[in-house]
Peer 1: 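To start, I am sharing the structure in question, which I have written as structure tokens.
Small disclaimer: the values here were computed from a predicted structure and weren't measured. Every number for a ligand or one of its atoms is a count from 1 in the order of the listing.
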Amino acid sequence: MKRIVVYCASSSRVNEQYFMYTGLLSEFLVKNNYEVVYGGGAVGLMGKLADTVLEHGGTITGVIPYFMSDREWAHTGLSKLLYVNTMHERKHKMLENTDGLIALPGGTGTLEELLEAITLKRLGLYTKPIVILNTNNYYDPLKKMFEKCMHENFMNDKHRLMWKFVDTPEEVVTALNEVPSWDSNAIDYAVVK
Ligand code: AMP
């Protein structure tokens, strides 16, 4: 069974389409035999992800810091819930032994997790596919920002291969299988020369 980490929003006040796409994606992941890892929350898109995976008989592991579970933010019905001390540890744990990463729309938490993973990939420390679900064109500004980074030589053109934006949940699983492999020697071209 492949293991996939999903980063997504904790907010519950987002447009229904974000919930719908999160639900559809969760179903596809279960159907395609992916075990899911995520931040362990019960609300927002995080809650929708977990509820849908569980409804469809899938396996989902949450990784949550003690200070969040103390506030009763953790989902109580997960297949497995891992506790960590810090946000740093959580990010490390979530990414560990995964076969790929999916970012759904989210706020600063999601953006931070996604950008850290891309940074690790640039250094060859994470080599798995990174797929960004651009529901409702939410991530267009980020796509533009990445293009600007490359255009202004803050990144190399080949860094574009580190991520893949897709528009629908259906395309995510295909993208996970088709993203070109990335090698641990990426550090050799991490620096723009
Ligand atoms: P955001 O994309 O800003 O909503 O952040 C999602 C991330 O925020 C998660 O991975 C957590 O780090 C954190 N987070 C914020 N609120 C919660 C919550 N209620 N339950 C669990 N994690 C949360």
Side-chain angles (χ1 to χ4, degrees), residues 3-26 29 34-55 58-121 125-126 128-146 163-167 169 172 176:
R3 193 176 157 94
I4 198 90
V5 58
V6 180
Y7 299 143
C8 60
S10 55
S11 175
S12 298
R13 293 195 51 197
V14 295
N15 186 288
E16 180 52 34
Q17 196 190 355
Y18 295 113
F19 284 94
M20 194 180 82
Y21 270 29
T22 302
L24 284 174
L25 173 76
S26 311
L29 292 178
Y34 281 102
E35 177 194 339
V36 179
V37 181
Y38 84 120
V43 295
L45 300 187
M46 297 174 93
K48 178 75 182 178
L49 170 80
D51 291 342
T52 315
V53 168
L54 294 166
E55 260 167 44
T59 304
I60 182 159
T61 299
V63 186
I64 199 155
Y66 287 107
F67 75 89
M68 284 189 190
S69 74
D70 288 349
R71 292 197 158 236
E72 297 181 351
W73 284 5
H75 195 294
T76 52
L78 300 174
S79 318
K80 203 194 280 179
L81 184 61
L82 305 175
Y83 295 94
V84 289
N85 288 307
T86 65
M87 293 294 277
H88 278 103
E89 238 184 276
R90 183 200 214 186
K91 275 188 293 175
H92 178 75
K93 198 90 204 146
M94 280 199 287
L95 212 50
E96 204 174 61
N97 300 324
T98 54
D99 299 294
L101 178 167
I102 302 167
L104 305 184
T108 51
T110 303
L111 288 169
E112 192 234 352
E113 289 159 349
L114 170 63
L115 290 176
E116 178 172 295
I118 291 174
T119 305
L120 293 173
K121 192 160 176 175
L125 299 172
Y126 187 73
K128 302 300 162 74
I130 295 179
V131 179
I132 303 165
L133 179 55
N134 193 18
T135 311
N136 227 357
N137 299 317
Y138 179 75
Y139 276 121
D140 280 0
L142 183 66
K143 208 192 247 184
K144 241 184 168 164
M145 188 71 229
F146 286 160
W163 58 79
K164 170 93 178 155
F165 286 90
V166 300
D167 295 323
V172 172
L176 286 172

Peer 1: Does some side-chain heavy atom of V37 sit less than 4.5 Å from a side-chain heavy atom of V6?
Peer 2: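 With C-beta onward as the side chain, the pair stays apart.
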Peer 1: Pick from I64, L81, D51: which one makes a side-chain contact (heavy atoms from CB on, under 4.5 Å) with H75?
Peer 2: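 For H75, the side-chain contact (heavy atoms from CB on, under 4.5 Å) test succeeds with only one of I64, L81, D51, which is D51.
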Peer 1: Show every donor-acceptor pair shorter than 3.5 Å between a side-chain atom in residues 98-106 and any protein atom, with sequence neighbours excluded, or say none if there are none.
Peer 2:
residue, atom, partner, partner atom, Å
T98, OG1, L95, O, 2.7
T98, OG1, Y126, OH, 2.9
D99, OD2, R3, N, 2.7

Peer 1: Using every non-hydrogen atom in the two residues, find where K121 and P129 come nearest and quote the distance to one decimal.
Peer 2: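 Heavy atoms of K121 and P129 come nearest at NZ-CA, 3.8 Å.
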Peer 1: Tell me the residues surrounding ligand 1, counting only those with a heavy atom closer than 4.0 angstrom, sorted by chain and number.
Peer 2: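 For ligand 1, the residues that come within the 4.0 Å heavy-atom cutoff are C8, A9, S10, G41, V43, M46, M68, W73, M87, R90, G106, G107, T108, G109, T110, E113.
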Peer 1: Please enumerate all residues that pass side-chain contact (heavy atoms from CB on, under 4.5 Å) together with H88, with sequence neighbours excluded.
Peer 2: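 T86, K91.
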Peer 1: Give the table of side-chain donor-acceptor pairs shorter than 3.5 Å for residues 65-73, with sequence neighbours excluded, one pair per line with atom names and distance.
Peer 2:
residue, atom, partner, partner atom, Å
S69, OG, Y66, O, 3.2

